[in-house]
K.L.:
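The structure that follows is given in the form of structure tokens.
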Amino acid sequence: MLLRVLGSAAGGGSPQWNCGCPVCAAVRSRAGLARTQSSVAVSADRRRWFLINASPDVRGQIEAFPGLHPREDRTTPLEAVLLTDAELDHTLGLLLLREARALRLYTTPAVRKTLCEGSGILRTLERYCPVEWHAVLPGAELALSDGLSCQAFDVPTSKRARFGAGPDHGRVVGYRLTDERSGGTLVYLPGVQSLTPALRGEIQGCACLLIDGTCWRDDELVRLGLAGKTSREMGHLPVGGPDGSLAQLPSLGVGRTVFVHMNNTNPILLEDTPERRTVEDNGMEVAMDGLEVQV
Ligand code: MLT
Ligand code: MN
Ligand code: ZN
């Protein structure tokens with residue numbers, strides 16, 4: 001299977017329009033460093049593509065990737081959209097896909113409820129195009145296309161539910177994707193608060209892990225005076241620190257580890273920072289838009 005990172009930054013992108021923090025300022029001053037918002041495309045045959053999350057940058061992301069370009073008759077290689085959660089950075093793009101003849105959408109029942117009754121995105125989208133919704137049930141195998149299957153797993157979070165209380169189970173999920181021919185497995189986990197024993201089990205031994213790289217430090221936004229909450233309180237395990245993901249991941253036997261969903265403040269976004277060097281010295285990578293992973 002081939003996975004292409006369409007967008008490697010967290011909500012707001014990098015740089016973020018209203019942010020002049022040192023990392024945003026550096027990204028603005030150098031060419032080619034900007035990143036769009038969190039989304040990947042996956043395919044087993046390079047003909048049918050599945051989007052995981054639909055970012056507000058989806059239009060530009062599709063244009064930047066010939067694999068997703070439409071045909072003369074307006075059919076497109078985009079088969080379906082899978083969601084990990086109902087966050088705006090992962091769902092606003094659904095509204096930008098409204099010209100579709102029909103859209104196949106995979107979410108948990110909890111995410112569907114938020115999209116209908118909370119943000120209203122799904123209700124609005126349905127006024128423009130028919131949406132064929134498929135339930136994602138953590139633990140159940142989903143056949144996506146010939147040779148490509150996936151299984152969602154629940155990612156517990158105490159992050160504030162912005163749109164009110166829904167069921168907690170399935171509010172955030174990760175996906176384990178399997179290429180039936182090569183047997184290769186890939187885990188996509190753009191939001192994770194804590195690596196619980198169950199989550200470690202899901203990640204264990206996969207060929208490639210794409211994981212939440214939102215903040216380097218737990219108090220990154222607090223120190224910069226930009227927010228009152230820590231990274232963990234916002235549902236994101238920091239990368240650095242004694243109990244950050246960088247310290248915890250090496251014991252899990254993952255073939256290749258790539259950080260995604262970086263917040264605009266995270267120094268690993270820049271190639272020449274000590275934090276970036278630490279990631280790379282540990283044999284891990286920081287995604288850039290357009291990065292492709294084959295397993
Ligand atoms: C998050 O995951 O915390 C988001 O990127 C925040 C946002 O979308 O604004
Ligand atoms: Mn996000
Ligand atoms: Zn910034």
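Quantities reported herein were computed from a predicted structural model and do not represent experimental measurements. Both ligands and their constituent atoms are indexed starting at 1 by order of listing.
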K.L.:
Over 60° means perpendicular and under 30° means parallel, so classify the ring planes of H134 and Y106, tilted if in between.
P.N.:
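If you compare the ring of Y106 with that of H134, the planes turn out parallel.
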
K.L.:
So that I can check it, does any N, O or S atom in S14 come closer than 2.8 Å to the Zn ion (ligand 3)?
P.N.:
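Not a single backbone or side-chain N, O or S atom of S14 is under 2.8 Å from the Zn ion (ligand 3).
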
K.L.:
Using non-hydrogen atoms of the residue, decide whether H90 is closer than 4.0 angstrom to ligand 1.
P.N.:
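Distance cut 4.0 Å: H90 fails for ligand 1.
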
K.L.:
Of K159, R171, R162, which is the lone residue that meets salt bridge (charged side-chain N to carboxylate O under 4.0 Å, His left out) with E87?
P.N.:
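Of the listed residues K159, R171, R162, the salt bridge (charged side-chain N to carboxylate O under 4.0 Å, His left out) partner of E87 is K159.
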
K.L.:
For K159, take its heavy atoms, then give the atoms of ligand 1 lying under 4.0 Å from any of them.
P.N.:
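Listed by number with element, the hits are 1 (C), 2 (O), 3 (O).
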
K.L.:
Could you check if a side-chain atom of T91 sits within less than 4.5 angstrom of a side-chain atom of T114, using non-hydrogen atoms only?
P.N.:
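When only atoms from C-beta onward are counted, T114 and T91 do not touch, as no gap falls below 4.5 Å.
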
K.L.:
Check ligand 1 against G11 and write out every atom of the ligand that is under 4.0 Å from a heavy-atom position of the residue.
P.N.:
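What qualifies from ligand 1 is 5 (O), 7 (C), 8 (O).
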
K.L.:
So do the side chains of R104 and F50 get within less than 4.5 Å of each other, counting heavy atoms only?
P.N.:
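Heavy-atom side-chain distance check passes, below 4.5 Å.
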
K.L.:
Working note: V23 + N266, criterion side chain to side chain contact (heavy atoms under 4.5 Å, CB included); need CA distance, chi angles, decisive distance, verdict.
P.N.:
CA-CA 7 Å; V23 177; N266 192 332; over 6 Å; no

K.L.:
Rounded to 10°, how many degrees is the angle SG/C19-the Zn ion (ligand 3)-SG/C21?
P.N.:
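About 110° at the Zn ion (ligand 3).
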
K.L.:
Among protein heavy atoms, which sits nearest to atom 2 (O) of ligand 1, and what does the distance come to when rounded to 0.1 Å?
P.N.:
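The closest one turns out to be H236 NE2, 2.9 Å.
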
K.L.:
Give me the nearest non-hydrogen protein atom to atom 6 (C) of ligand 1 as residue plus atom name, then the distance to 0.1 Å.
P.N.:
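Checking every protein heavy atom, the shortest distance to atom 6 (C) of ligand 1 gives E87 OE1, 4.0 Å.
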
K.L.:
Between H90 and the Mn ion (ligand 2), is there a contact where an N/O/S atom of the residue lies under 2.8 Å from the metal?
P.N.:
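Given the 2.8 Å cut-off, H90 does not count as a ligand of the Mn ion (ligand 2).
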
K.L.:
Just to check, does H261 reach to within less than 4.0 Å of ligand 1 when the distance is taken from its heavy atoms?
P.N.:
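Yes, H261 has a heavy atom closer than 4.0 Å to ligand 1.
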
K.L.:
Test V239 against every option in S245, S231, P267 by the side chain to side chain contact (heavy atoms under 4.5 Å, CB included) rule and name the one that passes.
P.N.:
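Checked S245, S231, P267 against V239; only one passes side chain to side chain contact (heavy atoms under 4.5 Å, CB included): S245.
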
K.L.:
By the definition side chain to side chain contact (heavy atoms under 4.5 Å, CB included), identify the one residue from V254, T178, L252, L177 that meets it with C206.
P.N.:
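Exactly one pass, corresponding to V254.
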
K.L.:
Closer than 2.8 Å to the Mn ion (ligand 2): does that hold for any N, O or S atom in D89?
P.N.:
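Yes, D89 qualifies, because one of its backbone or side-chain N, O or S atoms lies under 2.8 Å.
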
